[in-house]
Amino acid sequence: MKSTLDILEATITNVMTEVTGQKDCSALVRPATDAKFGDYQVNGVMPLAKQLKTNPRKLAEQIVAKLNSATADKLSDICETPEIAGPGFINLRLKPELVAANLLQISKDAGQFGIEKAEKPKTIVVDFSGPNIAKQMHVGHLRSTIIGDCICRLLELRGHKVIRQNHIGDWGTQFGMLIAYLRVLYKDKLKQPDSVSIGDLEQFYKNAKHWYDTDPTFADSAREEVVKLHNNDKDTLSVWKEFVKESRRHYQPIYETLQIDLIYAHEKGESFYKDMLPGVVAELKKKGLAVESEGAVCVFPVDSTHSTSSGQTSSPQAGFKDKEGKPLPVIIQKSDGAYLYATTDLAAIRYRVGELKADEIIYVTDARQGLHFEMVFTVAKMAGWVKPETELVHVTFGSVLGEDGKPLKTRSGENVKLKELLDEAVERARKVVEDKNPGLPEDEKKKIANAVGIGAVKYADYTNNRTSDYIFSFDKMLAMEGNTAPYMQYAYARVRSIQRKGRDKGIEVDKEIAQSQSISLTEPSELDLAKHLIRYGEAVSSAVSDYRPNYLTAYLYDLAQKFSSFYNDCPVLDASADKRPTRLLLCDLTAKTIEHGLHNLLGIEVIEQM
RNA sequence: GCGCCCGUAGCUCAGUUGGAUAGAGCAACGGAUUUCUAAUCCGUAGGUCACAGGUUCGAAUCCUGUCGGGCGUACCA
C-alpha cells in the first residue's frame, strides 16, 4: 500500500509536468507546517515558476485547475479542493472519508501497517556494535549497538535482505600486549586461560597498555606476540580463543538485555578475515596501488570526490593530506609485518561484496572514524572491489556526554561500563515504580522497572539526532513528562487498560472492531488522531531513508500526545453505539502502532499495566 | 596548518533536496479531576537561529569570512 504522501507526490508531479512540459519537476509535497494550512502542502510550484520565469501564483492556479479537472480524478478522492496560499503554496486537506478508509485498511494489514515494501529489495550488510575482546562493553558501544539494530529492523520492514555483522575487535595489537604481559607476570594464567574473567582481562589489558606506552622493550615484545598470533602460533591461538569465549559470555547477555538481535552467527570479527589479509596486500601490490613507504606497505588513495568537482585539473596527490600537507596513506601492513584494521576492513569489503553479495554496506561507527572509512572506501573503489553501484555508507553518530558536557566518564576518569549503566537505569526505574504504584506484585514491579529502565536509555538515545552529541541524564530519560520511554509506555498502558476494562464490562471489543464497516470521525481530536495513525508509514520511510531513528520517535511521541488528547476529550467505553466502534478502533490501532514502533522497531518493551 | 562536524528559548533538544508567523519537552505561570490509570490534558510567557556579508520572490538551512567549541590528521581501533 502506497502512502498518501507518495500518491500525492506522484499525482501532482504528473500534473505539473503536463501543465508545463517540464519533465524533471517535483511537487515536493510535505506535511503542512501548520494545521491551519491543511494536512499537506505542495512546495514545488515556486522553484518551478522560478525556473520557467513565470509568476508562481499563476502557475499554481493552472496546476490547481488541472488537478480539479476530471483527468485528475484520483486527487478528488483524497483531498478537498486544493487551495493556493502565500507566494505559491498549494494546500491540501485530506477528506475524512479517505482517512476513515485508510484507517480500516491499515487495521486489516496485520503487522505491516500499510507500510510499503521496497520495489527492489537489496542485500544490505549492516556492520554494528563491534565490541572489543578483553574489554567490557562501555557506554561508547551503546550507540553503534542500538542504532545499528534499529537500522536493521527498519530495512527488514521495508523488505530488504539484511545481513547483520558484528565486527568484533578480536585480532588487534591489544592481544599482543595482553599476551606479552601475561607471559611476563602471569604465566599460570596462560596455562589456564579459561580461568580468567572479563574483569581480569580488562585489568591486565589496562596494565599492559600502560606498560606498552612507557616501555619500548615491552612494546617490542607485544608486537612480536601479535606477529605470532597472526602466524597462527598454536599456544597463542588457544589462549586467544578462551579470551574471546569469555568476552562473549560477557556481551551476549548485554545484547539480550538491550533486545539487540545479534547472536553468534552474526559474529564475523577481525579474526574471521585473518587468512585473507596477505591476499589483500598482495593484490593491491599487484595492481600497483600499494607501495612501500617508510618501511610500511601503503596505499595512497586519490580522493575522486575532491579531484573531480571543481573542474580544475587535479594534482596527482589530490585528496588526503597529513599535518605537513604530504599525502596521507592507508597503511595496510606495518613495517614489522603485522596487519592493521584498514587491511581487515578492506578484506571485509571484499568478502561482503564478493561472498555476501552486498548491494550496500552500512557501517555504524562514531564520527571520529570518518576519515578512516573515507580512505578505505576510496581504496576499495580504486581496487575495483566494489561495483560502481554498490553503496558504502558510513552512518555516524556523536558522543554520549556527561552532565558537564564532556564525554561520559566515571569519577575516576574511566569509561562507564554499559552493564553498570543499564543496571543503574533499572534500579532508578524501580524506585519510580515503587513510588507511583507500590501495590503491584513484586514480579510485576520488576518487569516494569526493567522495561522502563532499559527502554529509557534506548529511547533517549534514539530520540536525539544521531549526528550530534547528547548529554546523558537519568533524570531526563526517566521522566514521565516529555518525549521519553516512560511516557510512551504509559500511553500504551492506558490504551490497553481501556480494552481490558471493556472486556470486563462484557463489551466484545475485538468483534466490535472487526465488524465496524464505517467510521465516523466527528470530534477534532478523533480526526487528528486518525490522520496521524495513517501516517506511520511516512515516519518509517523518513527514518529509514536517512537512517535516523529520531524521526520515528518524534512520530511516536506525537501519536502518544494525540492519543492523550483524544483520551481526554472522548469517552470510549461509554460512547454511544454509533461512536464506540470507531473509538475502539482508534484505541486498537494506537496500541498496535505504539507497540510496533517501540517493540518491533526500537526493541523497547511495552507494558500492559504501569 | 589542513580536513570533518557543531553553535537554535534559562536548560535539554527537534527542525526532511531553501518555503508561510523557527517548534517540542523541562523549568516558570494560569486553568481542567464525581477519571476508560492526572505517570494526563488545555492555555500563557519565553528567540537578533554565534556574528558579518552574499545568493533570491523567500535562508536556521546554500556560499564567503570572523569568533567560539568538538573531533580527526603514517604504522592504535
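By convention in this document, chain letters (A, B, ...) are assigned in the order of the sequence lines, proteins followed by strands, and residues within each chain are numbered from 1.
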Between [options], which nucleotide has the shortest distance from any of its atoms to the side chain of [X]?
| X | options | value |
| --- | --- | --- |
| A/Tyr341 | B/G15, B/U37, B/A77 | B/A77 |
| A/Arg30 | B/C13, B/A39, B/U16 | B/U16 |
| A/Lys476 | B/A74, B/G19, B/U12 | B/U12 |
| A/Pro47 | B/G19, B/U40, B/G15 | B/G19 |
| A/Tyr567 | B/A74, B/A14, B/U37 | B/U37 |
| A/Lys50 | B/U37, B/C57, B/G25 | B/C57 |
| A/Val432 | B/C36, B/C41, B/A39 | B/A39 |

Scan [X] against the nucleic acid and name what it touches under 4.0 Å (heavy atoms): base, sugar-phosphate only, or nothing.
| X | value |
| --- | --- |
| A/Lys406 | nothing |
| A/Ala85 | base |
| A/Asp345 | nothing |
| A/Ser542 | base |
| A/Ile471 | sugar-phosphate |
| A/Ala296 | base |
| A/Pro31 | nothing |
| A/Leu340 | sugar-phosphate |
| A/Ala338 | nothing |

Report yes if a side-chain nitrogen or oxygen of [X] is closer than 4.0 Å to either non-bridging phosphate oxygen (OP1 or OP2) of [N]; otherwise report no.
| X | N | answer |
| --- | --- | --- |
| A/Asn550 | B/G15 | yes |
| A/Tyr492 | B/U37 | no |
| A/Ser565 | B/C42 | yes |
| A/Gln561 | B/G25 | yes |

Check each of A/Arg580, A/Lys501, A/Lys505 against A/Asp574 using the salt bridge (charged side-chain N to carboxylate O under 4.0 Å, His left out) test, and report the only one that passes. A/Lys505

I'd like to know whether the aromatic ring centres of A/Phe474 and A/Phe472 sit less than 6.0 Å apart in this structure. yes

5'-most contact on RNA chain B (nearest-nucleotide basis), A/Phe566 vs A/Lys209, goes to A/Phe566

